[in-house]
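So the structure is just underneath, and the comments pick up after that.
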Amino acid sequence: MSGVTVVLGSQWGDEGKGKLVDILSADFDVCARCAGGNNAGHTIVHTNPEGIKTTYAFHLLPSGLINPQCTGLIGSGVVIHLPSFFAELDALKAQGLDCGHRVFISDRAQLVFDFHQIVDGLKEIELGGSSIGTTKKGIGPAYSGKASRSGLRIHHLFDHDTFAEKFRKLVEGRFKRYGHFEYDTEGEIQRYKALADRLKPHVIDSVVYIHNAVSSGKRVLVEGANALMLDIDYGTYPFVTSSSTTIGGVCTGLGIPPKLIKNTIGVVKAYTTRVGGGPFPSEQLNDVGVHLQEVGREYGTTTGRRRRCGWLDLVVLKYSCLINGYDCLNLTKLDVLDQLAEIKVAVKYLIDGKEVPGFPADLELLSKVEVQYATLPGWQSSIEKVTRYEDLPENCRMYVEFIEDYLKLPVEWIGVGPGRESMLCKNTNVN
Ligand code: GDP
């Protein structure tokens with residue numbers, strides 16, 4: 001299929017989007033990031049044609065770069081910390097993935113500076129007990145600067161004197177707001193002069209680039225960062241990220257109209273996880289939660305933090321489907337449920353015995369919901385080696401079909417193990 005295919009996280013992130021992107025990117029010419037920064041993290045276990053496995057950690061770069069035919073595009077909606085961008089390129093090169101010559105960045109993308117990262121930490125301290133649990137990568141402060149129209153963009157780097165002047169003003173503003181903190185402003189300005197030279201070959205007008213790519217029949221894959229429930233408007237605000245993680249963010253972040261999007265795939269973990277603070281109605285603070293954490297290896301790529309775990313929440317997913325309009329789903333980490341005797345799925349939220357329509361905006365209200373679960377029988381056998389949907393245990397298929405029935409959406413891919421090869425295709429028709 002020509003046009004644009006989008007892969008989006010449908011829950012609170014870490015659904016395993018990277019693996020699907022890695023598999024799909026073999027058939028795509030361009031893999032793009034549209035929002036977020038290096039706060040996102042994909043871990044991909046890639047097996048090369050000789051059968052050697054390598055684990056790559058992607059933070060800012062599109063993970064489709066593993067495919068040597070694929071060009072990586074970082075769109076205007078992304079915020080970029082240049083030292084981290086180069087560190088990521090260098091780390092991939094050290095692992096044998098030399099992809100710098102096929103990575104392009106929008107000249108409209110915003111810059112994240114070290115002072116944004118310092119401010120991120122100071123903000124969390126200010127918030128005290130109600131801290132949002134950000135990754136302290138400066139992403140939030142950089143988006144704040146963008147919204148208040150004081151941010152610096154990639155193109156600003158190439159007029160050094162004006163850049164230096166604007167940069168000094170920005171830092172002064174932060175000192176006024178947060179008090180003086182240790183920061184070598186002039187040293188930073190010099191460092192960015194060198195970084196700008198190194199960056200130059202990567203910088204493009206991404207609007208021209210992506211529209212040329214699509215109109216010349218190239219296949220474009222967009223890799224969503226973060227996930228729907230972390231969206232600045234529709235997530236569990238304020239426990240969210242600072243960008244638009246929805247399908248809307250794909251259009252604004254890349255400068256493309258909705259009609260170019262031909263296929264939207266929602267990635268759904270077979271249970272629920274979230275990092276940091278904020279509401280999580282189906283959280284299991286018990287043996288089930290610990291089991292999911294251990295078996296699912298639920299530790300963050302970027303932060304190493306343990307993720308909170310709970311049952312799959314179909315109320316969340318229905319809401320996610322409404323906003324993103326997925327065409328189909330990729331259910332991931334189904335194998336993590338292998339050993340459980342029974343599996344619960346959240347199907348309704350009740351307040352005072354009455355079903356709540358949709359997903360509550362008000363966190364006070366959300367904290368009062370009583371979650372109603374459906375209980376399904378487990379399959380208690382390993383599915384990791386299963387390669388065809390029909391060969392999954394009956395109870396396992398029942399679980400998948402329960403989700404499909406509830407959401408009225410097909411599950412096209414099913415993750416049955418960490419490796420790239422552990423992905424079942426139910427009925428794929430993407431390309
Ligand atoms: P992302 O940011 O959405 O790509 O998710 P993460 O990087 O946090 O999660 C990816 C991790 O989950 C990697 O270690 C993968 O190997 C692992 N993973 C992905 N799919 C599956 C699966 O179906 N089963 C299991 N057990 N692990 C998986």
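Read the numbers this way: they start at 1 and go in the same order the structure lists the ligands and their atoms.
For ligand 1, one of its N or O atoms has an N or O atom of Pro418 under 3.5 Å away. Every N/O-N/O distance between Leu334 and ligand 1 stays at or above 3.5 Å. Checking only distances, Asp335 does come within under 3.5 Å of ligand 1, N or O to N or O. For ligand 1, the polar-atom distance check against Ser422 finds no nitrogen or oxygen pair separated by under 3.5 Å.
For the pair Lys333 and Tyr271, the cation-pi test (distance below 6.0 Å, angle within 45°) is failed.
The minimum heavy-atom distance between Ser63 and Ile44, with the atom names listed, is CB-CD1, 3.2 Å. Closest heavy-atom contact between Asp327 and Lys262: OD2-O, 4.1 Å.
Every atom of ligand 1 with a heavy atom of Gly18 under 4.0 Å away is listed here by number and element: 4 (O). Contact atoms of ligand 1 toward Lys17: 1 (P), 3 (O), 4 (O) (distance under 4.0 Å to a heavy atom of the residue). Annotation for ligand 1: atoms under 4.0 Å from non-hydrogen atoms of Gly415 are 23 (O). Within the listing of ligand 1, atoms 23 (O) sit less than 4.0 angstrom from a heavy atom of Val416.
Heavy-atom distances between Arg307 and ligand 1 reach below 4.0 Å in at least one pair. A heavy-atom separation below 4.0 Å is not found between Gly9 and ligand 1.
At least one donor-acceptor pair closer than 3.5 Å links the side chain of Thr245 to the backbone N or O of Ala227. With hydrogens and angles disregarded, a donor-acceptor distance shorter than 3.5 Å links the side chain of Glu15 to the backbone of Gly13.
For Arg108, the salt bridge (Lys or Arg N to Asp or Glu O under 4.0 Å) test picks out Asp205, with sequence neighbours left out.
The salt bridge (Lys or Arg N to Asp or Glu O under 4.0 Å) pairs that include a residue from residues 284-296 are Glu294-Arg306, where partners are two or more places apart or lie in different chains.
Only the side chain of Lys19 comes within 4.0 Å of ligand 1, judged by heavy-atom distances.
No hydrogens or angles considered: nothing links the side chains of Glu370 and Tyr349 as a donor-acceptor pair under 3.5 Å.
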